[in-house]
Number of protein chains: 2
Amino acid sequence: MISLAEENYLKAIYSLNQIQQGGASTNAVAEKLDTKASSVTDMLKKLSEKKLVNYTKYQPASLTNRGMAIAIDVIRKHRLWEFFLVEKLKFKWDEVHEIAEQLEHIRSSALVDRLDSFLEYPKFDPHGDPIPDKEGRINKIHDTVLSALPIGEEAHIVGVKEHSNSFLQYLDAVKLVLGTRVKLINRFEFDQSAIVQIAGKENITISFDISKNLYIKFI
Amino acid sequence: MISLAEENYLKAIYSLNQIQQGGASTNAVAEKLDTKASSVTDMLKKLSEKKLVNYTKYQPASLTNRGMAIAIDVIRKHRLWEFFLVEKLKFKWDEVHEIAEQLEHIRSSALVDRLDSFLEYPKFDPHGDPIPDKEGRINKIHDTVLSALPIGEEAHIVGVKEHSNSFLQYLDAVKLVLGTRVKLINRFEFDQSAIVQIAGKENITISFDISKNLYIKFI
DNA sequence: TAAAATTTTTAGAGTTGCCTAAAAATGATT
DNA sequence: AATCATTTTTAGGCAACTCTAAAAATTTTA
């Protein structure tokens, strides 16, 4: 039996190993879960005994196959619930994370299966993150960002790399939401800020920080 | 902040005070929550300090207004989720209790409001139990049971008093589901078993134990 | 109404998951 | 390579919730 706390640790270790930068060090996990390093050490020992993580003292942790399967299952539930909240209950994309953090821990495989079917097997959540299927297969995450779009080229916004509410709210305000078509008008060498045309209409200037956190797909 | 365990105690005390028989004694609560009497005593003290239950040693507990409001809120969530599971996800009425026991603890009033709206403000859950509204107003529970239906009279099944899976599965098997029209053909004095006509069609014999656990509404 | 049976409470302890403070190991710097 | 800074672990403890065993109160029964 996996506790709620354990599930959160597995999820944190998973996501820290997805992004580059050093993997799931004790401190990184502590920061991600807003807890103390000593608590993380305790839990890593426990998860290691349970054969859910690979852990040797003073080394970053990684997931075993069993741990990976559980983490992916939790992520599947999180993203399906997010999709439900936005598509069916009409929440905005910056309102769903916290609620999905709770819903992802509901234990019932029948529930997840039926939810998946009710939602007609969505492939991506409201932030563009891929939803793992029943067998844990997961589409590769998008890897091209808007900051890599050459001048004059067009693309669609397909995901966000940063999930903070303030970022999502900014995107809403400037209409840079998922599915939007963008064209790169110009980019300034000085600070890598860029002028983009949104949906064939108005031009806006966005900072490098914005454009490097938006996943795109070339048209 | 109310913990999950506290919510379960409040719900148990609420339901024990709804039915007759002695109210929420320490042992009754312990049995309901499948725990030990000593644990209940501890928790009653704690809830009493938090002014959520009225408790004096060696006496059955009851809910304060605040405790009542919380209990009703949890029940509202439970029944809304049950409705969702049956109506939208196509679960059967004997499959939803355990899942709703988990979902009822999700904390987000926005979620409950939007779920309620998505479901179009249902008044009764899949077992015929009334769903409290946002303000905690709750329809009176049905009070007439099939065992009180006079011979020759007709009624609709509107709820179940007993919620065990085996009972619900029995009802499915003999088609005594919610909304079914029944006519009382005969009742035997010996054991109070009865012959009922189901939906104007076949007659079946049901025991007293069945008929006293089915709520009806006269036609 | 006194003894017996039952219910309830108290006392002490275990588990999980977290904390602080201090010690130990690692890594960076000169 | 020795010192300094950072990271990680250890040690000891706390809060929530549970348990068992024993004591105390209440209720039942004779």
Side-chain angles (χ1 to χ4, degrees), chain A residues 1-14 16-17 19-63 67 70-71 74 101-102 104-105 107, chain B residues 1-13 16-17 19-63 67 70-71 74 101-102 104-107:
Chain A
M1 189 82 286
I2 314 293
S3 74
L4 187 147
E6 289 170 338
E7 286 188 347
N8 284 332
Y9 273 90
L10 294 176
K11 202 163 53 113
I13 295 164
Y14 177 87
L16 288 168
N17 278 316
I19 56 179
Q20 316 316 340
Q21 316 159 155
S25 70
T26 304
N27 264 357
V29 174
E31 180 160 358
K32 186 130 209 161
L33 295 178
D34 194 24
T35 184
K36 301 291 163 169
S38 54
S39 308
V40 175
T41 303
D42 282 357
M43 186 58 99
L44 289 180
K45 278 187 198 158
K46 193 173 137 201
L47 292 173
S48 175
E49 264 164 38
K50 285 194 172 188
K51 302 253 192 279
L52 297 173
V53 313
N54 305 116
Y55 170 62
T56 28
K57 274 190 189 178
Y58 299 101
Q59 299 279 119
S62 64
L63 297 174
I70 293 166
V74 175
E101 286 284 303
Q102 298 180 61
E104 72 188 7
H105 300 293
R107 274 164 227 287
Chain B
M1 189 84 286
I2 314 294
S3 74
L4 187 147
E6 288 170 339
E7 286 188 349
N8 284 333
Y9 274 91
L10 294 176
K11 202 164 52 114
I13 295 164
L16 287 167
N17 278 316
I19 55 180
Q20 316 314 341
Q21 314 159 155
S25 70
T26 303
N27 264 357
V29 174
E31 180 160 359
K32 186 129 208 162
L33 295 177
D34 194 24
T35 185
K36 301 290 164 170
S38 54
S39 308
V40 175
T41 303
D42 282 357
M43 186 59 100
L44 289 180
K45 278 186 199 160
K46 193 174 136 198
L47 292 173
S48 175
E49 266 164 36
K50 285 193 172 191
K51 301 254 192 279
L52 297 173
V53 314
N54 305 115
Y55 169 62
T56 28
K57 275 190 188 180
Y58 299 101
Q59 299 278 121
S62 64
L63 297 175
I70 293 166
V74 175
E101 286 284 303
Q102 299 180 61
E104 73 189 5
H105 298 294
I106 304 290
R107 272 164 227 288

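The chains referred to below are lettered A, B, ... by the order of the sequence lines, with proteins before strands, and numbering in each begins at 1.
- Summarising the geometry, atom CD belonging to A/Glu6 is positioned 11.5 Å from atom NE2 belonging to A/His105; distances are rounded to the nearest 0.5 Å.
- When the side-chain nitrogen and oxygen atoms of B/Thr26 are compared with OP1 and OP2 of C/dT9, one or more of them lie within a distance under 4.0 Å.
- Remark: C1' of D/dT6 and OH of A/Tyr58 are 12 Å apart, rounded to the nearest angstrom.
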Side-chain donor-acceptor distances from residues 23-31 of chain A under 3.5 Å, at least two apart:
from: A/Ser25; atom 1: OG; to: A/Ala28; atom 2: N; distance (Å): 3.1

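- Closest heavy-atom contact between B/Ala12 and B/Lys32: CB-CG, 4.0 Å.
- Judged purely by atom type and a 3.5 angstrom limit, B/Lys50 has no side-chain atom pairing as donor or acceptor with the backbone of B/Gly67.
- The CG-C1' distance, from B/Asp42 to C/dA13, rounds to 12 Å in whole Å.
- Between B/Tyr9 and D/dA16, a side-chain N or O to OP1/OP2 separation shorter than 4.0 Å is absent.
- Looking only at side-chain heavy atoms (C-beta outward), B/Val40 and B/Leu33 stay at 4.5 Å or farther from each other.
- In this structure, A/Asn27 atom CG and D/dT6 atom C1' are separated by 9 Å, rounded to whole Å.
- Remark: B/Thr35, B/Lys36, B/Ser38, B/Ser39 in residues 29-40 of chain B come within less than 4.0 Å of DNA chain D through at least one heavy atom.
- Taking atom CG of B/Leu4 as the reference point, atom P of D/dT18 lies 10 Å away to the nearest angstrom.
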Using atom types as modelled, flag every donor-acceptor pair under 3.5 Å from a side chain in residues 51-62 of chain A to any protein atom, sequence neighbours excluded.
from: A/Asn54; atom 1: OD1; to: A/Ser62; atom 2: OG; distance (Å): 3.2

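- In this entry the distance linking NZ of B/Lys57 with P of D/dA24 reads 12 Å, nearest Å.
- Among the nucleotides C/dT9, C/dC18, D/dT8, the one closest to any side-chain atom of A/Ala5 is C/dC18.
- Taking atom CD1 on B/Ile2 and atom C1' on D/dA16, their separation rounds to 14 Å, with Å as the unit.
- When rounded to the nearest whole Å, the span between CE of A/Met43 and C1' of D/dT8 equals 17 Å.
- In plain terms, the two heavy atoms of A/Leu4 and A/Arg107 that are nearest each other are N-NH2, 4.0 Å.
- If you check every strand for non-hydrogen atoms under 4.0 Å, A/Thr41 touches a base.
- For A/Tyr55, whose side chain is taken as the heavy atoms from C-beta onward, the closest listed nucleotide among D/dT18, D/dT8, C/dC18 is D/dT8.
- The distance from atom NZ of B/Lys45 to atom P of C/dT8 is 14 Å, rounded to the nearest whole Å.
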